[in-house]
Number of protein chains: 2
Amino acid sequence: MATQTPDSPAAAPAARDAERTRSEILAVATREFADKGFAGARVDEIAAKTRTTKRMIYYYFDGKEGLYISALEQAYTGIRALEQQVDVEHLDPAEAIRRLAALTFDHHESHPDFIRLVSIENIHYARHIARSEILAGLANPALDALSRILERGRAAGQFRDDVDPIDVHMMISAFCVFRTANRYTFSAIFKRDMLDPARRDHYRTMISDLVLEYLTAGR
Amino acid sequence: MATQTPDSPAAAPAARDAERTRSEILAVATREFADKGFAGARVDEIAAKTRTTKRMIYYYFDGKEGLYISALEQAYTGIRALEQQVDVEHLDPAEAIRRLAALTFDHHESHPDFIRLVSIENIHYARHIARSEILAGLANPALDALSRILERGRAAGQFRDDVDPIDVHMMISAFCVFRTANRYTFSAIFKRDMLDPARRDHYRTMISDLVLEYLTAGR
DNA sequence: CGTATAACTAACTAACTAGTACATACATTG
DNA sequence: CAATGTATGTACTAGTTAGTTAGTTATACG
């Protein structure tokens with residue numbers, strides 16, 4: 001009798017809490033997969049870094065691949081939720097573009113794990129996204145917002161009329177993703193850390209300028 | 001005696017050819033590492049896809065990591081050699097930028113394995129580049145060419161005078177790398193293949209326009 | 001209060017995986 | 001043509017690794 005510590009306040013086994021166990025596994029797994037990739041991450045190590053055991057990974061996520069997909073889903077739904085909150089309808093079109101670009105810039109900078117998971121998923125030819133029902137049909141609020149901004153900008157004669165929202169989204173993403181995703185090789189070759197805080201504002205402004213000069217070209 | 005086939009013309013063991021063996025291993029390894037990442041690639045499988053044995057990998061490359069580094073070195077020296085050949089000194093600055101951007105665009109499109117290796121190396125925090133003497137001190141001819149173009153453009157009053165060559169290189173790289181590296185997740189989410197040949201010219205022109213509008217802004 | 005079920009643990013296993021020991025054949029050179 | 005080093009192949013091994021088996025404990029609920 002009394003295998004467990006009687007009543008120790010600190011080292012209590014945290015009782016039973018399915019949700020806490022599940023989310024702790026997911027949080028640790030996200031870090032591990034983002035750090036080492038799908039093949040490089042170790043199920044045993046993920047388990048060791050939680051307060052539970054490996055068996056629970058199989059209990060809740062059905063295996064390594066299921067866990068990886070869940071981590072991806074959580075990361076993507078996170079940025080989608082952020083995008084949903086953005087309200088740029090009341091802003092001048094140019095200012096709205098700036099706001100949207102800055103949002104992407106800030107998100108990517110503060111969520112390197114997300115960017116790394118995306119890189120890793122591309123190495124896997126987006127095979128897991130295709131397999132996930134959640135991710136395959138996830139709407140893109142930022143794209144809708146962008147479409148409306150471009151529409152307004154065109155109507156006001158401020159923006160050129162031959163640009164596609166997806167292309168604009170791509171320009172912004174390319175810049176912001178590259179800065180985070182390719183930070184290490186870039187720094188090794190050019191001896192310049194693109195994430196250096198001293199240069200942060202410079203790049204943050206640059207992406208807006210770049211896109212806006214393009215959108216307003218000849219006007 | 002006579003363990004080997006006496007004289008069969010087709011299935012001859014290709015005699016002995018150290019250079020051929022070495023380069024065949026390297027070619028197969030490049031494909032495997034680019035396809036599956038460092039942790040995902042299998043030494044046994046690389047060996048099986050060559051006409052030699054696993055033993056030779058250890059003989060020539062000293063192990064999995066040595067092989068991976070050699071593959072990286074080969075990929076990087078390839079693009080550096082290409083850049084060395086580019087001659088844009090005789091062109092109008094704007095046209096020179098277009099030429100340079102197109103060169104990057106074309107190279108990245110036709111060398112997806114290189115782009116994938118770069119992504120993979122970033123997942124590994126560029127640890128292997130740092131370790132490689134060849135890669136750590138590799139000059140960047142494209143950057144020198146770009147510096148001279150910008151200089152000329154500034155002198156002619158065509159370009160703004162507050163841009164850094166590394167930043168311009170980054171804009172071009174970001175766009176071209178993103179298009180190839182993030183092709184799969186982008187396509188899964190936006191249902192648009194950025195490498196579709198029908199859209200190729202569109203994107204190829206777009207990156208030049210984007211950079212040039214920025215460089216000539218307000219002029 | 002006792003029992004069904006959800007939450008959880010420890011120990012095990014079969015398959016894999018990077019790397020090695022050992023043997024040997026070929027080619028070059030004196 | 002002997003001998004010496006380079007190039008190559010076979011078989012093996014020690015350590016991992018994803019996944020499983022066989023349970024135990026806590027909690028909710030009648």
Side-chain angles (χ1 to χ4, degrees), chain A residues 1-8 11-29 32-33 35-71 120 124 127-128, chain B residues 1-8 11-29 32-33 35-71 120 124 127-128:
Chain A
M1 44 225 66
T3 322
Q4 87 282 28
T5 26
D7 216 358
S8 58
R16 291 185 153 208
D17 188 339
E19 196 37 56
R20 198 195 57 80
T21 301
R22 213 194 104 99
S23 72
E24 189 184 350
I25 291 172
L26 198 52
V28 171
E32 283 292 303
F33 283 128
D35 192 43
K36 304 182 183 139
F38 178 72
R42 298 286 166 246
V43 176
D44 282 288
E45 201 171 329
I46 291 169
K49 288 183 178 173
T50 66
R51 272 170 295 180
T52 183
T53 63
K54 179 161 65 152
R55 182 67 183 75
M56 288 294 96
I57 290 174
Y58 291 84
Y59 186 71
Y60 285 116
F61 300 97
D62 196 51
K64 188 180 183 179
E65 195 166 359
L67 181 56
Y68 172 78
I69 291 174
S70 292
I120 289 160
H124 293 284
R127 168 167 40 104
H128 310 92
Chain B
M1 36 225 81
T3 323
Q4 87 281 28
T5 26
D7 215 357
S8 59
R16 297 189 144 202
D17 188 339
E19 196 37 56
R20 198 194 58 79
T21 301
R22 211 193 107 96
S23 71
E24 190 183 350
I25 291 172
L26 197 52
V28 171
E32 284 292 302
F33 283 129
D35 192 43
K36 306 187 182 134
F38 177 73
R42 297 285 166 248
V43 176
D44 282 288
E45 201 171 328
I46 291 169
K49 287 183 177 171
T50 67
R51 274 170 293 181
T52 184
T53 63
K54 179 161 62 154
R55 178 70 183 74
M56 289 294 96
I57 290 173
Y58 290 85
Y59 187 71
Y60 285 116
F61 300 97
D62 195 54
K64 189 181 183 180
E65 195 165 0
L67 181 55
Y68 171 80
I69 291 175
S70 292
I120 289 161
H124 293 283
R127 166 166 42 101
H128 309 92

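Computed over heavy atoms, backbone and side chain alike; hydrogens, waters and symmetry mates excluded. Just so we're on the same page: letters track the sequence lines, and every chain starts at 1.
- What you find for B:A41 and B:K64 is that their closest heavy atoms are O-NZ, 2.9 Å.
- Expressed to the nearest 0.5 Å, how far CZ of A:R20 lies from CZ of A:R51 amounts to 4.0 Å.
- For the pair A:T21 and C:dA7, the criterion of a side-chain N or O lying under 4.0 Å from OP1 or OP2 is not met.
- Phosphate contact (OP1/OP2 of C:dC8, side-chain N/O of A:Y60, threshold under 4.0 Å): present.
- One finds the NE2 atom of B:H124 at 10.0 Å from the CG atom of A:D35 (value rounded to the nearest 0.5 Å).
- Computed from coordinates, the B:R22 CZ to D:dT8 P distance equals 12 Å when rounded to whole Å.
- The one candidate from A:T53, A:I57, A:T52 that meets the side-chain contact (heavy atoms from CB on, under 4.5 Å) condition with A:R55 is A:T53.
- Summarising the geometry, atom CD belonging to A:E24 is positioned 12.5 Å from atom CE belonging to A:M56; distances are rounded to the nearest 0.5 Å.
- Taking the six-membered ring where the residue is Trp, B:F33 and B:F38 present parallel rings, their angle staying beneath 30° rather than reaching 60°.
- Put simply, A:Y59 has a side-chain N or O that comes within less than 4.0 Å of OP1 or OP2 on C:dA7.
- Between the P atom of C:dA6 and the CD atom of A:E19 lies a distance of 16 Å, rounded to the nearest Å.
- In this structure, B:E24 places its CD atom 10 Å from P of D:dT8, rounding to the nearest Å.
- When the side-chain nitrogen and oxygen atoms of B:T52 are compared with OP1 and OP2 of D:dG9, one or more of them lie within a distance under 4.0 Å.
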Nucleotides 27-30 of chain C: which of its N/O atoms have a protein N/O under 3.5 Å away?
none

Pairs under 3.5 Å (N/O, protein and nucleotides 16-20 of chain C):
| from | atom 1 | to | atom 2 | distance (Å) |
| --- | --- | --- | --- | --- |
| C:dT17 | OP1 | B:R42 | NE | 2.6 |
| C:dT17 | OP1 | B:R42 | NH2 | 3.2 |
| C:dT17 | O5' | B:R42 | NE | 3.3 |
| C:dA18 | OP1 | B:A41 | O | 3.4 |
| C:dA18 | OP1 | B:R42 | NH1 | 3.4 |
| C:dA18 | OP1 | B:K64 | NZ | 3.1 |
| C:dA18 | OP2 | B:V43 | N | 3.1 |
| C:dA18 | N7 | B:K54 | NZ | 3.3 |
| C:dG19 | OP2 | B:Y58 | OH | 3.0 |
| C:dG19 | OP2 | B:K64 | N | 3.0 |
| C:dG19 | N7 | B:K54 | NZ | 2.7 |
| C:dG19 | O6 | B:K54 | NZ | 2.5 |

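- Annotation for A:G37 and A:I120: closest pair CA-CD1, 3.6 Å, computed over non-hydrogen atoms.
- A:D17 has its CG atom 16 Å from the C1' atom of D:dT25, to the nearest Å.
- Atoms CD and OH, on B:E19 and B:Y60 in that order, are 8.0 Å from each other to the nearest 0.5 Å.
- Side-chain atoms of B:T21 and B:Y59, non-hydrogen and from C-beta on, never get closer than 4.5 Å to each other.
- Between B:M56 atom CE and C:dA25 atom P there is a gap of 15 Å when expressed in whole angstrom units.
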